[in-house]
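First comes the structure, then the notes that go with it.
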Amino acid sequence: PAAATPAAATPAAGSAPPAEAPPQAGQDIPSPAPHVEVELDQETFERVLAEQLAQGKERRVAEGQARRAAMLEARRKAGGG
């Protein structure tokens, strides 16, 4: 005889909570933040670049991270997020 698993111990098919469903027609979809053109914050770029290079990161990687930090800082100063 095979051992049967009690029905309460195994979840029934379709009983799991559904993942967030995609919006249906007619539902409001949140719009993304408005696009704000900003110049990189040079002070932040230079500071973060120096920090990244001091940690021994490759220059290309350090520049990318510094560029991102400078862009975020410039957006923050501009009030865009």
Side-chain angles (χ1 to χ4, degrees):
T5 306
T10 58
S15 66
E20 188 174 320
Q24 300 297 318
Q27 287 183 331
D28 289 336
I29 300 173
S31 60
H35 181 75
V36 178
E37 288 290 330
V38 293
E39 293 291 322
L40 293 180
D41 185 68
Q42 193 63 33
E43 181 181 314
T44 301
F45 177 82
E46 291 172 4
R47 177 182 50 81
V48 173
L49 179 61
E51 290 171 0
Q52 297 296 315
L53 291 174
Q55 291 176 10
K57 294 194 178 174
E58 290 184 34
R59 183 163 194 89
R60 182 177 60 94
V61 173
E63 286 176 352
Q65 291 177 341
R67 195 170 293 114
R68 180 179 188 277
M71 185 238 350
L72 292 173
E73 180 63 18
R75 281 186 184 172
R76 186 191 64 79
K77 286 181 179 179

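It should be emphasised that the depicted structure is a prediction, and the values quoted were computed from it without experimental measurement.
Atom CZ in Arg76 sits 8.5 Å away from atom OG1 in Thr44 (nearest 0.5 Å). Distance check: Arg68 CZ to Glu73 CD gives 12.5 Å after rounding to the nearest 0.5 Å.
Under the salt bridge (charged side-chain N to carboxylate O under 4.0 Å, His left out) criterion, Arg67 pairs with no residue at all, not counting sequence neighbours. Under the rule for a side chain to side chain contact (heavy atoms under 4.5 Å, CB included), Glu39 has no partner lying at least two apart in sequence or in another chain. Residues meeting the side chain to side chain contact (heavy atoms under 4.5 Å, CB included) test with Glu58, sequence neighbours left out: Arg60, Val61. Remark: Arg59 engages Glu63 in a salt bridge (charged side-chain N to carboxylate O under 4.0 Å, His left out) (not counting sequence neighbours).
In this structure, Gln55 places its CD atom where more than 12 heavy-atom neighbours from other residues, nucleotides or ligands lie under 6.0 Å away.
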Q: Start with the C-alpha gap between Gln42 and Glu46, add the side-chain angles, then the distance that decides, and say whether side-chain hydrogen bond (donor to acceptor under 3.5 Å, both in side chains) holds.
A: CA-CA 6 Å; Gln42 193 63 33; Glu46 291 172 4; 3.1 Å; yes

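Through direct or indirect side-chain contacts shorter than 4.5 Å among Ile, Leu, Val, Met, Phe, Trp and Tyr, Leu53 is connected to Phe45, Leu49.
For the residue pair Val48 and Ala69, the shortest heavy atom distance occurs at CG2-CB, 3.8 Å.
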